[in-house]
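Notes for the one structure printed next.
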Amino acid sequence: MQTLLLGYGDIAQRTARLLVKGGHSVTGLCRHPDSKPTIDGVQLVAGDFNNEQDLMRLFTTQWGAIVVTLTPSRSGSQRYHDGYVVPCRHLQQVLAQSGQQPYIIYVSSTGVYAQQDGEWIDETSETAPTSESGQALLKAESLIDSLPTQTTILRCSGIYGEGRDYLLKQLVAGEMTLRDSWTNRIHQDDVAGFIHALLTSIKSPQPLYLVSDDKPVKQYDMYQWLAEQLGASITSDVEPGPGPRGSKRCDNSRLKNSGYKLKYPTFVEGYEAFIDSWSK
């Protein structure tokens, strides 16, 4: 199957490695291919997904699947709109002009939810984001959902893993705020692994999945556990109430019912896989 990756950051690269191992043909679109690692079997094309003509040139190929992993624009007052919404509008136009109907996977975020009181949420829960990024993601989701082809939206909780070490640096530096709020995590290898499974083995993908691990955790519990692993000391008190990301617990039943088995069921297994080498 010919697979197009729109956006070629960490998740796309991990997905690409899994796909080429299985003999899939993979093309990635990114602004600066020379800055990306070389993966045998992956063709990189220079282009900007904010430019409809750059997208259109790719559609001389018949795509079986498209995986969309976008990031906000680096600057500007409408960086989230420009980074999330505009490319989806261009994709909508290009698909209409080309007549192609590939299977499309769009990687979104649980930032589209705004629950504050530790509620359990699933794919049917209310989405009423208050942040600019959450509002832009929800708009992008609606554009993807309206496409005249099969689509799946992945609402990922906090993605972590190698190279995503901002939190660890904060803990070592003692620059963190402990909160009595619920948080949710998903390892980067499980995001890529689930995308790969949707493209290769899951027979009837659903249009929407919450992509999160098995164990929502209180933020202060996770931070304290991580600090112990790093030999760091936390002296701050636990502040009551939710932080800027709210407080919710993600129910991943639909993901698990798909047959996909998490490589890292909780944050403990996920961080243990790399935290020792990071701290050294």
Side-chain angles (χ1 to χ4, degrees), residues 5-22 26 28 30 35-39 42 67-72 83 105-111 133 137 152-173 175-176 182-200 209-232 243 245 248-250 252 255-256 258 260-280:
L5 305 178
L6 294 182
Y8 197 68
D10 175 69
I11 296 301
Q13 291 166 32
R14 290 172 186 274
T15 302
R17 290 188 180 96
L18 295 173
L19 288 171
V20 296
K21 279 183 182 179
V26 178
C30 57
S35 69
K36 302 297 183 180
T38 300
I39 300 175
V42 178
V67 179
V68 185
T69 55
L70 301 176
T71 56
I105 297 174
Y106 180 77
V107 177
S108 184
S109 164
T110 54
S133 59
L137 281 167
T152 293
I153 292 166
L154 306 182
R155 290 179 179 160
C156 299
S157 61
I159 301 174
Y160 72 99
E162 291 182 83
R164 300 172 185 266
D165 57 1
Y166 177 72
L167 170 58
L168 302 183
K169 289 178 178 178
Q170 278 190 309
L171 287 166
V172 169
E175 299 172 353
M176 83 296 292
W182 290 95
T183 185
N184 306 268
R185 291 288 184 274
I186 186 68
H187 194 282
Q188 56 200 8
D189 284 342
D190 277 316
V191 180
F194 188 53
I195 293 171
H196 176 256
L198 287 167
L199 294 172
T200 60
Y209 290 95
L210 267 184
V211 182
S212 195
D213 70 20
D214 290 344
K215 187 179 180 182
V217 62
K218 284 295 183 81
Q219 184 251 40
Y220 65 85
D221 280 338
M222 188 184 74
Y223 279 25
Q224 289 169 338
W225 181 88
L226 285 170
E228 289 176 9
Q229 312 312 305
L230 295 167
R245 300 184 184 222
K248 53 189 177 285
R249 288 176 281 178
C250 293
N252 67 358
L255 179 149
K256 297 189 78 171
S258 74
Y260 179 74
K261 184 176 181 180
L262 290 166
K263 185 176 181 180
Y264 301 106
T266 78
F267 76 93
V268 172
E269 294 91 345
Y271 275 108
E272 283 180 342
F274 75 92
I275 199 170
D276 285 345
S277 60
W278 181 88
S279 60
K280 294 173 184 176

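Quick caveat: nothing in here was measured; it's all calculated off a predicted structure.
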*What residues, two or more places apart in sequence or in another chain, satisfy salt bridge (charged side-chain N to carboxylate O under 4.0 Å, His left out) together with R185?*
none
_Which atom of Y264 lies closest to which atom of G270, heavy atoms considered_ = CD2-CA, 3.5 Å
*Could you tell me the separation between the SG atom of C250 and the CD1 atom of I186, rounded to the nearest 0.5 Å?*
10.0 Å
*asked:* Enumerate the salt bridge (Lys or Arg N to Asp or Glu O under 4.0 Å) contacts for residues 155-173, please, sequence neighbours excluded, ordered by first and then second residue.
replied: D10-R164, E141-R155, D165-K169
*Any chance you could lay out the side chain to side chain contact (heavy atoms under 4.5 Å, CB included) test for V172 and L168, step after step, and finish with the verdict?*
CA-CA 6 Å; V172 169; L168 302 183; 5.6 Å; no
_From N184 atom CG to M222 atom CE, the distance as rounded to the nearest 0.5 Å_ = 10.0 Å
*Heavy-atom closest pair, residues Y8 and A16*: OH-CB, 4.1 Å
*Side-chain donor or acceptor of Q188 paired with backbone N/O of I11 under 3.5 Å*: no
*Under the side chain to side chain contact (heavy atoms under 4.5 Å, CB included) test, residues paired with T200 that sit two or more places apart*: L19, H24, H196
*What pairs of residues pass the salt bridge (Lys or Arg N to Asp or Glu O under 4.0 Å) test when at least one of them lies in residues 261-270, not counting sequence neighbours?*
D189-K263
*What's the shortest heavy-atom distance between V107 and C156, and which atoms?*
CG1-SG, 3.9 Å
*What distance separates L230 CG from I275 CD1, expressed to the nearest 0.5 Å?*
4.0 Å
*Pairwise distance CH2(W225) to CG(L171) - rounded to 0.5 angstrom*: 11.0 Å
*Does CZ in R14 sit with more than 12 non-hydrogen atoms of other residues, nucleotides or ligands closer than 6.0 Å?*
yes
*Backbone N or O of E175 within a donor-acceptor pair of the Q170 side chain at under 3.5 Å?*
yes
*Among V67, V68, T152, find the one that has a side chain to side chain contact (heavy atoms under 4.5 Å, CB included) with Y106.*
V68
*Sequence neighbours left out, what passes ring-ring contact (aromatic ring centres under 6.0 Å, His included) with Y223? Give chain and number order.*
none
*Just one of D190, V211, L210 clears the side chain to side chain contact (heavy atoms under 4.5 Å, CB included) bar with L255, so which one?*
V211
*For the residue pair Y271 and Y160, categorise the inter-ring angle as parallel (less than 30°), tilted (30 to 60°) or perpendicular (more than 60°).*
parallel
In a table with atom names and distances, give each donor-acceptor pair under 3.5 Å that connects a side chain of residues 212-220 to protein atoms at least two apart or in another chain.
residue, atom, partner, partner atom, Å
S212, OG, S157, OG, 2.9
D213, OD1, K215, N, 3.0
D213, OD2, F267, N, 3.4
D214, OD1, N252, ND2, 2.8
D214, OD1, K256, NZ, 3.3
D214, OD2, K256, NZ, 3.2
K218, NZ, D180, OD1, 2.7
Q219, OE1, R179, N, 2.8
Q219, NE2, T177, O, 2.9

_If you compare all heavy atoms of S108 against all heavy atoms of I153, which two are closest, and at what distance to 0.1 Å?_
CB-CG2, 4.0 Å
_Rounded distance [0.5 Å steps], CG in L199 versus CD1 in I105_ = 4.0 Å
*Please report the C-alpha distance between Q13 and I39 in whole Å, then the side-chain angles of each, then the deciding distance to 0.1 Å, and finally whether the side chain to side chain contact (heavy atoms under 4.5 Å, CB included) criterion is met.*
CA-CA 8 Å; Q13 291 166 32; I39 300 175; 4.3 Å; yes
